[in-house]
Each structure stands twice: as C-alpha cells, then as structure tokens.
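Note on naming: letters A, B, ... go to the chains in the order of the sequence lines (proteins, then strands), and numbering restarts at 1 for each one. For clarity, every value in this text was computed on a predicted model and none was experimentally measured.
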Amino acid sequence: MTGLTTVWRASQRGRDTARRQKPVSGGRALCFRRKLPAPKFQPMSKGVTPRSQDYARWYTDVVQKAELADYGPVKGTMVIRPYGYAIWEALQAAFNRRFKATGHQNAYFPLLIPKSYFSREAAHVKGFAKEVAVVTHYRLINDPDGDGLIVDPEARLEEELIIRPTSETVVWSMYKQWINSYRDLPIKINQWANIVRWEMRTRLFLRTSEFLWQEGHTAHATAAEADEETRQMIEVYREVVEEEMALPVIVGRKTDSERFPGAVETWSIEAMMGDRRALQSGTSHNLGQNFAKAFDVTFRTEDNREELVWAPSWGVSTRLIGAMVMAHGDDKGLRLPPRLAPIQVVVVPIFKDDTRSAVLSAAGKLVTDIAHQGVRVELDDRDNVSPGFKFNHWEMKGVPVRIELGPKDIAEGKAVLVRRDGDGKEDRALQGVAAGLPALLDDIQRSLFRQAEEFRAEHTHVPENWEAFKALMAAGGFARCGWDGDPQTEAAIKADTKATIRCIPLDEDPTGLTCIRTGKPARHEVIFARAY
RNA sequence: CGGGGCGUGGCGCAGUCCGGUAGCGCACCUGCUUUGGGAGCAGGGGGUCGUAGGUUCAAAUCCUAUCGCCCCGACCA
C-alpha cells in the first residue's frame with residue numbers, strides 16, 4: 001500500500017513543481033502586456049496528459065484511467081484489471097481458435113525449473129541469466145531476534161530453482177521422455193502462462209517483471225517441417241494482430257544481435273506506435289536442433305537411424321495490449337478495435353426525473369435490440385454522474401460506438417450516434433439503428449486499421465543517405481534501406497542513432513542497394529527504427 | 001550499480017528553512033437542487049506525518065540510522 005503511494009507521489013512531484021514554476025515566475029506581471037504568453041503547460045485536471053506533451057506519461061495515464069491495469073506492490077509488477085483482462089481474453093480466444101485450427105493443443109508446464117536444466121543450452125543461459133528470479137529457500141520462520149518473519153536458513157534448497165523466463169528447458173526435458181520414434185512426431189503444444197524476467201526498467205504491459213503470454217513449443221522430424229511451422233506461426237500472429245487488433249505489422253527475420261537466445265532464426269512482427277517507435281509484437285523462433293542437443297532428444301527415423309529433433313517456439317504476450325493502446329489511442333483515451341472491445345456499443349440515456357422512466361424504457365428496448373444483433377452492448381443508466389461525464393468516461397475506455405438517447409430524440413424517433421474513431425455526432429432513426437451496428441462496427445475496425453496504416457506509411461521512408469537516415473531516426477519513423485550485413489555496422493548505427501534493425505522484411509530485395517552507413521553493397525534490405 | 005529526487009488521509013500536494021500538537025484540492029458519505037460534453041450548494045467521515053532511535057517542556061519540522069519508491073544511465077517480449 002505504501003509502495004503504491006510513493007510511486008505516484010514521487011513521480012508527480014517533479015513534474016508538477018516544474019510545471020508550476022514556469023508560469024508563476026513573473027506570470028502576474030506579464031498579464032499587463034497586450035498579449036498573454038501562453039502558459040507552457042496547461043495543467044490537466046481531468047483527462048490525460050496530451051500525447052504531444054509527454055507520450056510516455058500519456059500512455060501510463062490512459063492505461064490507468066481506462067482501468068486496464070494498475071501497479072502491483074512489487075516493483076515492476078502489474079495488476080491486470082477486469083477491463084484489461086477482458087481484452088486479453090478476447091485475444092486469447094482469437095489465438096486459440098487459430099492455434100487449434102493449425103493442429104496445436106494447449107497444455108501446462110511448471111513455473112519452477114531446476115537451475116541445472118536452465119544451464120543446458122549455452123546461448124539460452126547467456127541471454128536470460130541476468131534476469132532470472134531464483135528460489136533458494138522453501139520456508140519462513142519467526143525471527144528469533146525480533147518480530148516478523150525471516151527466511152529459515154535451515155530451509156535452503158539442495159538444488160536452487162529458477163522461475164521460468166520462458167519454458168524451452170522444461171518442455172524439452174519432457175519431450176525427451178515423450179519422443180522415441182518418428183511416429184511420436186510432430187508434437188505441437190502451446191501453453192498459456194505467466195513468466196518472470198527481472199527487468200530493470202518497467203512499463204505497464206510493455207515491459208513488466210511478470211507478464212502473461214502464450215508460448216508454443218513444437219517438435220519435428222525434419223528441418224523443413226520446423227521451418228514451415230516457424231513461418232506458419234508468424235503468419236498466424238500477423239493475421240490476428242492485423243485483423244483483430246487492426247494493427248498493421250511488418251513480418252521479417254531478426255539479425256543475429258536481436259535473435260532469441262538459443263535460436264538459429266527468429267521471425268517477428270513489428271508495429272509502429274503513435275510516437276513512431278517500433279514495437280516487437282510477436283516472435284517465432286526456429287531453434288534448429290539446439291534444444292534437442294542440450295536435452296538429448298533423439299528419435300528413430302523410418303529407416304531406423306537416430307536423429308535429433310527439430311524445434312520451433314513462438315510467443316505473444318500481454319504486451320499486445322500495450323501495442324493496441326499506443327497504436328490507436330488518442331488524447332481522449334483508448335480507441336479499441338471492435339473485434340476485441342469488451343463493450344462494442346454503449347447506450348447513454350439522458351433523462352431528468354420526469355423523463356426518467358420513459359427514457360430508460362426506450363433505452364432498455366434499444367439495448368435488447370442491439371444485443372440481438374450479436375453486439376456486445378452496455379446501458380449506462382447510472383444516475384449519480386452526468387451524461388457529459390459518461391461521454392468522457394466511455395471515450396477513455398475506447399468503446400467504439402456510443403448511442404445517446406434523450407427525450408428529444410425519442411420524440412423525434414431518433415438516436416444520436418457517435419463513432420469513437422471519428423468526431424462528430426449523427427442522428428439515426430431509432431428504428432433500424434440496431435440493425436446497422438454490425439456493419440458499422442466492421443467499418444470502424446477497417447477504419448482503425450487504415451488510420452494506423454496511413455500513419456505508418458507517412459513515417460516510413462527510404463533515406464537517400466546517412467544524413468537523411470540520421471534525421472529520420474531523430475524525428476522518429478521507420479527507415480527501409482540497405483545494410484552490409486556486418487554486425488559492427490549495425491552496432492555503430494545503434495551507437496549513433498539509438499536505432500536498431502527491427503527486421504529483414506519478408507519481401508526484402510537488396511539488389512542494387514548499398515549500405516546506408518558504409519556504402520558497401522547491401523547484403524539485406526532492412527527496417528531500422530528506434531524501438532521499445 | 002552510478003547520478004538525481006521523494007516518502008504527510010484513498011489520490012495529488014502544502015506545511016519542514018524560522019519546532020508549539022496537521023491543512024488544501026480531488027475522491028468518499030448524507031441531503032436538496034440538477035442531468036444533451038467531466039453538475040452546484042450545504043453538511044459529514046477519514047491521517048500522528050515511511051520506520052527506528054535521539055535532542056527538547058514540546059518534533060511532520062532538528063540530528064542519526066534504516067527501509068522503500070520514482071527519474072536518468074548500462075538489459076529486454
């Protein structure tokens with residue numbers, strides 16, 4: 001409790017003092033001049049920090065005010081609140097449907113992993129060791145020297161356990177037991193789980209010490225099959241993110257430096273956020289035979305040879321919710337794509353004491369009609385807050401469509417309809433407004449995708465030269481250009497511009513391109529951006 | 001780990017320099033009036049000032065220690 005208290009107090013304090021001091025110093029005197037200088041910061045008593053003022057703070061404000069999530073008591077942890085979790089459930093449903101359609105089954109592996117398992121694969125260890133939480137004891141006792149509980153020094157574990165930062169090692173330790181013959185392959189398992197990575201700098205949804213995700217682990221008899229699986233799943237991710245989240249992504253491969261620890265090839269989908277930075281939104285890895293080697297997982301082929309099993313793994317996390325906030329949100333709050341919105345339409349009745357029952361009964365009827373269309377609808381009949389408050393409230397929550405219904409409307413046989421993805425209100429005949437909603441929601445879904453796509457197009461460029469590249473990275477955006485394939489060039493570019501190679505896009509064509517920095521012939525056409 | 005800052009009702013803060021027994025806004029509760037873009041008025045409840053120790057007649061305020069958190073830098077879905 002006190003932890004939470006200080007979080008806010010401390011962070012707000014600095015900003016507020018800074019904000020207050022500027023206008024206050026000499027502010028009075030300046031009032032006598034003809035033109036009032038605009039105060040540098042307009043204190044926002046309501047709503048959220050405008051994106052243009054402080055994008056990071058806008059994001060945090062929206063996540064909290066829309067009641068998606070809140071900070072947990074332990075540094076870097078978050079509570080996903082019901083509204084945020086409902087979005088996660090919608091995403092899970094969308095993914096599960098496709099995972100199952102492509103022959104995968106859900107299962108669950110344990111949270112705790114023997115430290116020795118974790119150490120089997122060298123690159124894997126190197127990648128995760130720095131951020132693994134370790135369980136060393138199994139008991140607390142009363143402190144003999146005072147009050148409170150202490151870790152019982154007698155209760156040290158013989159073998160220390162790690163809390164999974166990902167599950168490759170446990171999964172493959174089990175696959176060793178399950179796989180003997182080519183007849184046992186392929187195994188295509190997915191698990192929904194929480195994982196822990198002790199992050200230094202955390203942000204709600206985007207990077208927290210514990211997060212929820214899905215990790216697929218499959219085992220195959222051939223390299224070709226593993227490669228096919230890896231590509232198929234990145235395509236599934238593309239489809240869900242673009243079609244359900246209305247967020248356009250670039251599909252591509254990672255360079256060596258950005259690859260998953262232990263993978264031979266990593267594919268990712270990369271999206272552009274509202275501040276023009278890139279967000280890796282899903283990854284699919286071809287692990288080759290690395291984990292099979294580490295866990296000695298072999299099988300008998302049809303012609304009785306012993307071979308190592310081939311492995312992909314793939315995952316998306318609650319980070320996707322952060323992506324949705326940052327890609328679609330505006331200064332009024334969230335804008336949710338209808339396919340994932342927990343509430344697709346909200347009806348706000350407007351009434352006074354004398355009109356209350358008439359309005360509420362008309363609104364109730366409307367809500368029933370809407371529900372019959374298969375639309376997720378909510379009636380906000382609270383009478384302790386004003387209609388204006390409700391408008392802002394539901395806009396903050398990103399509900400795609402709002403219908404206002406008051407006595408005047410009912411008299412005229414109409415309702416007022418407001419799309420969250422645009423501005424302005426329009427009248428609709430009360431008859432038929434419900435029937436039109438499914439098509440309207442589809443239109444909003446498309447419109448959000450189009451807006452995100454246009455935004456990305458506006459900020460994606462092919463820089464002519466190094467100077468143009470630097471300017472683009474400083475301004476923010478995606479650069480599509482040549483790279484000589486040298487990791488040192490990549491590192492130098494990062495040092496100069498903070499930009500990294502987000503991916504080598506699926507449709508790359510390096511022919512005739514030169515490296516943006518060295519001028520050497522390009523080995524790959526890549527996407528550069530500053531990333532989260 | 002290095003640098004900077006902060007812990008005072010649920011939240012945001014003032015009070016700390018110049019010790020005198022805690023205040024403001026929001027939120028909350030009650031009532032009345034309201035309700036088409038974040039309602040108004042009146043009344044009310046709630047904190048011992050991160051923790052521990054010290055100085056003092058007296059500590060949110062001074063001293064010491066300690067814990068925690070935030071921001072910036074070195075890692076990452």
Distance below 4.0 Å between A:R201 side-chain N/O and B:rC70 OP1 or OP2: no

What does [N] pair with, Watson-Crick or G-U, if both distances are under 3.5 Å?
N      : result
B:rG2  : B:rC72
B:rC32 : B:rG40
B:rC13 : B:rG23
B:rG46 : none
B:rC18 : none
B:rG7  : B:rC67
B:rU55 : none

Sugar-phosphate, base or nothing in reach of A:L279, heavy atoms under 4.0 Å: nothing

salt_bridge(A:R419, A:D421) N-O dist < 4.0 Å: yes

Rounded to the nearest Å, what distance is computed from the [atom1] atom of residue [X] to the [atom2] atom of nucleotide [N]?
X      : N      : atom1 : atom2 : answer
A:F391 : B:rA39 : CZ    : P     : 11 Å
A:D380 : B:rG37 : CG    : C1'   : 14 Å
A:E67  : B:rC11 : CD    : P     : 16 Å
A:K254 : B:rA77 : NZ    : C1'   : 10 Å
A:F260 : B:rC75 : CZ    : C1'   : 16 Å
A:K498 : B:rC75 : NZ    : C1'   : 15 Å
A:D381 : B:rU35 : CG    : P     : 18 Å
A:M200 : B:rC1  : CE    : P     : 13 Å

Are any side-chain N or O atoms of [X] and backbone N or O atoms of [Y], one a donor and one an acceptor, separated by less than 3.5 Å?
X      : Y      : value
A:T136 : A:E160 : no
A:T497 : A:I493 : yes
A:S284 : A:T230 : yes
A:H328 : A:A452 : no

Plane angle bin for A:F95 and A:W192 - parallel if under 30°, tilted between 30 and 60°, otherwise perpendicular: tilted

Give the residues of [range] touching RNA chain B, defined as any heavy atom closer than 4.0 Å, sorted by residue number.
range                       : result
residues 122-131 of chain A : A:K130, A:E131
residues 393-421 of chain A : A:H393, A:E395, A:R402, A:E404, A:G406, A:P407, A:K408, A:D409, A:V416
residues 349-359 of chain A : A:I350, A:F351, A:K352, A:D353

Modelled atom types, side-chain donor and acceptor of A:H285 and A:S313, under 3.5 Å: no

With sequence neighbours excluded, residues passing salt bridge (Lys or Arg N to Asp or Glu O under 4.0 Å) with A:D353: A:R356

Pairwise [atom1] distance, [M] and [N] [rounded to whole Å]:
N      : M      : atom1 : result
B:rC26 : B:rA60 : P     : 27 Å
B:rG68 : B:rC32 : C1'   : 46 Å
B:rA52 : B:rG9  : P     : 15 Å
B:rA42 : B:rG53 : P     : 44 Å
B:rU61 : B:rG7  : C1'   : 15 Å
B:rG45 : B:rG23 : P     : 13 Å
B:rC13 : B:rU34 : P     : 38 Å
B:rC18 : B:rC62 : C1'   : 12 Å

Under 3.5 Å donor-acceptor pair, A:K425 side-chain atoms to B:rG37 base atoms: yes

Side-chain donor/acceptor contact of A:S386 with base of B:rA39 under 3.5 Å: no

Among A:E490, A:E270, A:E265, salt bridge (Lys or Arg N to Asp or Glu O under 4.0 Å) partner for A:K254: A:E270

Earlier contact from the 5' end, RNA chain B, for A:T202 and A:T283: A:T202

Selection residues 117-134 of chain A - residue pairs positive for salt bridge (Lys or Arg N to Asp or Glu O under 4.0 Å), sequence neighbours left out: none

Aromatic centroids of A:W213 and A:W314 separated by under 6.0 Å: no

List the atom pairs, with distances to 0.1 Å, where a side-chain N or O of residues 398-410 of chain A and a protein N or O form a donor-acceptor pair under 3.5 Å, not counting sequence neighbours.
from	atom 1	to	atom 2	distance (Å)
A:R402	NE	A:E404	OE2	3.1
A:R402	NH1	A:E395	OE2	2.9
A:R402	NH2	A:E404	OE2	3.0
A:E404	OE1	A:K425	NZ	3.1
A:E404	OE2	A:K425	NZ	3.0
A:D409	OD1	A:K414	NZ	2.6
A:D409	OD2	A:G406	N	2.8

Sole candidate of A:R98, A:H217, A:E229 that passes side chain to side chain donor-acceptor pair (under 3.5 Å) when paired with A:H104: A:E229

Closest to the A:P387 side chain, choosing from B:rU35, B:rA39, B:rG37: B:rU35

Nucleotide nearest A:F389 when distance is taken to its side chain, options B:rG38, B:rC71, B:rA77: B:rG38

Name of the residue among A:I87, A:L68, A:V241, A:L334 meeting side-chain contact (heavy atoms from CB on, under 4.5 Å) with A:M324: A:I87

Whether A:F211 stacks on the six-membered ring of B:rA77 base, 5.5 Å and 30° limits: yes

